[in-house]
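Beneath this line is the structure, given in C-alpha cells, with notes to follow.
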Amino acid sequence: MARGADLAYTGGMATALKSKTGGEDPARYDVVVAGGGFAGGTLALALAKLAPKGFRVALVDAAPRESGSHRAPDARGLALSAASKSLLEAIGLWAGLEAKAQPICSIEITDSPLNASLRPHFLGFDEEMKTDAPRAYLVEASDVLHAIDAAITKEPAIELFAPDNVEAYATDAFDVRTKLASGTTLEAPLLVAADGKRSRLKEQSGIKCIAWSYPQLGIVATVAHERPHHGKAVQHFLPAGPFAILPLTGNRSSIVWTEEKARGQELMAGSDEAFTAELTRRFGHRLGAIALEGPRQSFPLECQMARSFVADRLALIGDAAHAVHPLAGQGLNIGWRDVAALTETIVEALRLGLDIGTATTLERYQRWRRFDSAFSATVMDGLNRLFSNDSVPLRAIRDLGLGLVDRAPGLKRFLVREAAGGTGSVPRLLKGEGL
Ligand SMILES: Cc1cc2nc3c(=O)[nH]c(=O)nc-3n(C[C@H](O)[C@H](O)[C@H](O)COP(=O)(O)OP(=O)(O)OC[C@H]3O[C@@H](n4cnc5c(N)ncnc54)[C@H](O)[C@@H]3O)c2cc1C
C-alpha cells in the first residue's frame, strides 16, 4: 500500500481516510491499544477524551462484550490511591464509582506467628490519614471493569474489537500494522501493549524481562462481618506471607491472603466451612462473626519488569510493563501512572505536530516511568522477603524498625503521601490538573 495516499495530517493528527475493510487496506487509527482491561481501557478513554478532536482509538480485547457479564468474575478488592482517583475523575469514571468506593481512614500493621494469641500493633497510620480528602479507597475490581466497559461503549472516538486477539505486528518508517486473530489489520503511528503479564506483544517485540515467581499464592475473597470496620485496613505479616483485611462499603471487607503455594492450593480445594474456619483464625474477633460473600479466587504471584518500556512504535503499559507483589496494593496504581504519563506525552506531542510513535516521543514516556516502576517493584519484593518468614532474629529487627517508624510522625506522613501517589514526578492527570 502506498503510504502517502491514505494518510492526511490535521494539526499533527493522523486522520483515518479508509474505513475498516478487513481486506487488503488496513483500517487506520491514531493509536491501537491492545488489551482493554484496567490499563488499556483507561488509556483508550483518556486519549478519546483529552487528545485533540478527531483522534481515533482502536481498542482490541480478548474478552467478549455481548452481555453485561462478559468478563470472568474478579473477586479482588482494589486499593486505589488518591492519585488514581484523580485519573478516574479526569476520564469521567469516578462519579459512577464513588458510592461504591470505601475510603480508607486508618491502617494497622502487625507482625506475629500464626498461632499468636495476640497480634500486637507495631505500626499504625491514623492521624496521618486524617486529611481533607481520603488518601486511598477500596473498590471492587468488577465495579471498576464494568465502569470502564460501559464508558467505552459510549465513546464515539473508540472503536472496540472484542472478542479478538492481537496476534502479531510489523512496523515501517511511519506506521505499525497490527494483525488480529479475526484477520483484521489495524494501522496507526503507535501501538500500545496493555495485554497484561503474559503480553504477546512484549514477547514479539523481543523486549526481555527480569522476572521471578513467588512460592506463594494470592487468595482473594469478599467477607461479610457482624461489626463495622470504620474504614480501617489491617495488614498482618504472617510467616507464609501478608494477610490483608481491606474495608469495602457496608460491613464487608476484601481479603488478600498470601499463602505458601501448596497450602494455598489445599485451602482453595477445601470446603467453604474449612476455609472460613482458617479465615477466622486470622481475622480475630474484632469484626465479630464472619461469612464468605461470593467465590474465592487465587492468583499466582510474580514480579516482572520489562527491560525497556518501549520499542519501535510500541509502548508497554500496566502489567505488560511491570507486575509487582500485591502486598501493598500498588500494581494497578503504578499502571495508572503509566496511563497518565503516556496520555500526557501523546497529547503534548500532538499539540506540537509531532509523530507520536517516534523514538523521541516514546523515550520521554520511558524516562518518566521506568525507574519509578522498578523502584516500586523492588520495594514490594524486599518487603515480602523481609516479612514472609518465621525467623525470630529477623522478626526482632523488623519490629524494632516498625516501632521506630511508628514514632516518627514526619516519616509516616511522607509514607502516606507516597502511597497516595503524590510524590516524585507526577503526571498532571494524577494531580487533578487538566492537560
Ligand atoms: C491478588 C491481587 C491483588 C491485587 N490488588 C491490587 C490492589 O489492591 N491495588 C492495585 O493497584 N493493584 C492490585 N493488583 C494488581 C492489579 O490487579 C494489576 O496491576 C492489574 O490487573 C493490571 O491491569 P492490566 O490492564 O495491565 O492487565 P490485565 O488486568 O491483565 O488486563 C489485560 C487485558 O488484556 C486482554 N488481553 C490479553 N491478551 C490479549 C491479546 N493477545 N489481544 C487482546 N487482548 C488481550 C485481556 O482480556 C485483559 O482485558 C492486584 C493483583 C493481584 C494478583
Side-chain angles (χ1 to χ4, degrees), residues 74-79 104 107-123 138 141 197 211-223 232-247 253-270 274-284 286 290 292 296-305 319 322-334 376-399 401-402 405 419:
D74 192 328
R76 281 176 293 186
L78 297 174
I104 299 180
I107 301 174
E108 181 178 299
I109 296 175
T110 75
D111 180 17
S112 52
L114 178 57
N115 290 325
S117 47
L118 278 177
R119 297 205 189 287
H121 147 152
F122 274 100
L123 177 58
L138 228 289
K197 261 197 285 203
W212 58 89
S213 303
Y214 293 103
Q216 297 166 318
L217 212 57
I219 302 173
V220 298
T222 301
V223 176
K232 179 185 274 195
V234 179
Q235 176 95 283
H236 294 309
F237 281 110
L238 299 172
F243 178 86
I245 307 171
L246 306 167
S253 291
S254 169
I255 58 146
V256 186
W257 178 350
T258 311
E259 187 49 78
E260 183 272 314
K261 215 175 232 170
R263 175 71 185 124
Q265 281 157 352
E266 218 174 272
L267 284 162
M268 287 302 293
F275 187 82
T276 309
E278 281 297 322
L279 264 185
T280 306
R281 284 176 80 194
R282 287 158 178 81
F283 260 71
R286 188 171 59 89
I290 61 167
L292 275 179
R296 45 201 144 109
Q297 227 177 337
S298 70
F299 295 81
L301 301 183
E302 295 157 59
C303 184
Q304 266 194 34
M305 183 58 51
D319 277 18
H322 44 69
V324 303
H325 195 287
L327 94 169
Q330 284 298 315
L332 180 55
N333 291 299
I334 302 169
S376 302
T378 310
V379 171
M380 304 311 146
D381 183 64
L383 286 174
N384 185 51
R385 283 172 203 272
L386 180 64
F387 282 95
S388 300
N389 61 69
D390 212 1
S391 153
V392 175
L394 258 188
R395 174 167 297 120
I397 293 168
R398 67 200 184 209
D399 291 350
L402 287 182
V405 175

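Model, not experiment: these values are computed from the prediction.
Side chains of Y214 and T258 form no contact here, defined as non-hydrogen atoms less than 4.5 Å apart. Side-chain contact check for I107 versus Q235: every heavy-atom pair is 4.5 Å or farther apart.
The backbone N or O of Q304 sits nowhere less than 3.5 Å from a side-chain atom of D319 that would complete a donor-acceptor pair. Side-chain atoms of H236 never come within 3.5 Å of backbone atoms of L238 as a donor-acceptor pair (strictly under, hydrogens ignored).
Here the CD-CG distance, from E260 to L217, works out to 9.5 Å after rounding to the nearest 0.5 Å. Summarising the geometry, atom CD1 belonging to I255 is positioned 4.5 Å from atom CG belonging to L279; distances are rounded to the nearest 0.5 Å. Distance check: K232 NZ to R286 CZ gives 5.5 Å after rounding to the nearest 0.5 Å. To the nearest 0.5 Å, atom OG of residue S376 and atom CE of residue M305 are 7.5 Å apart. Note that CG of L301 and CD of E259 are 11.5 Å apart. Values are rounded to the nearest 0.5 Å. Taking CG of L246 as the reference point, atom CG of L138 lies at 5.0 Å (rounded to 0.5 Å).
Taking each heavy atom of C303 and A377 in turn, the nearest pair found is SG-CB, 4.1 Å. Heavy atoms only, all atoms of each residue included: W257 and L267 are closest at CZ2-CD1, 3.4 Å. In terms of heavy-atom proximity, P242 sits nearest to L327 at CG-CB, 3.6 Å. Closest approach of T276 to I290, counting heavy atoms only: CG2-O, 4.0 Å. Scanning both residues, R296 and M268, for their nearest heavy atoms gives NH1-O, 3.2 Å.
Ionic pairing of E278 and R263 is present here: one or more N-O contacts between side-chain nitrogen and carboxylate oxygen are shorter than 4.0 angstrom.
Using cut-offs of 30° and 60° for the angle between ring planes, the F283 and F243 rings count as perpendicular.
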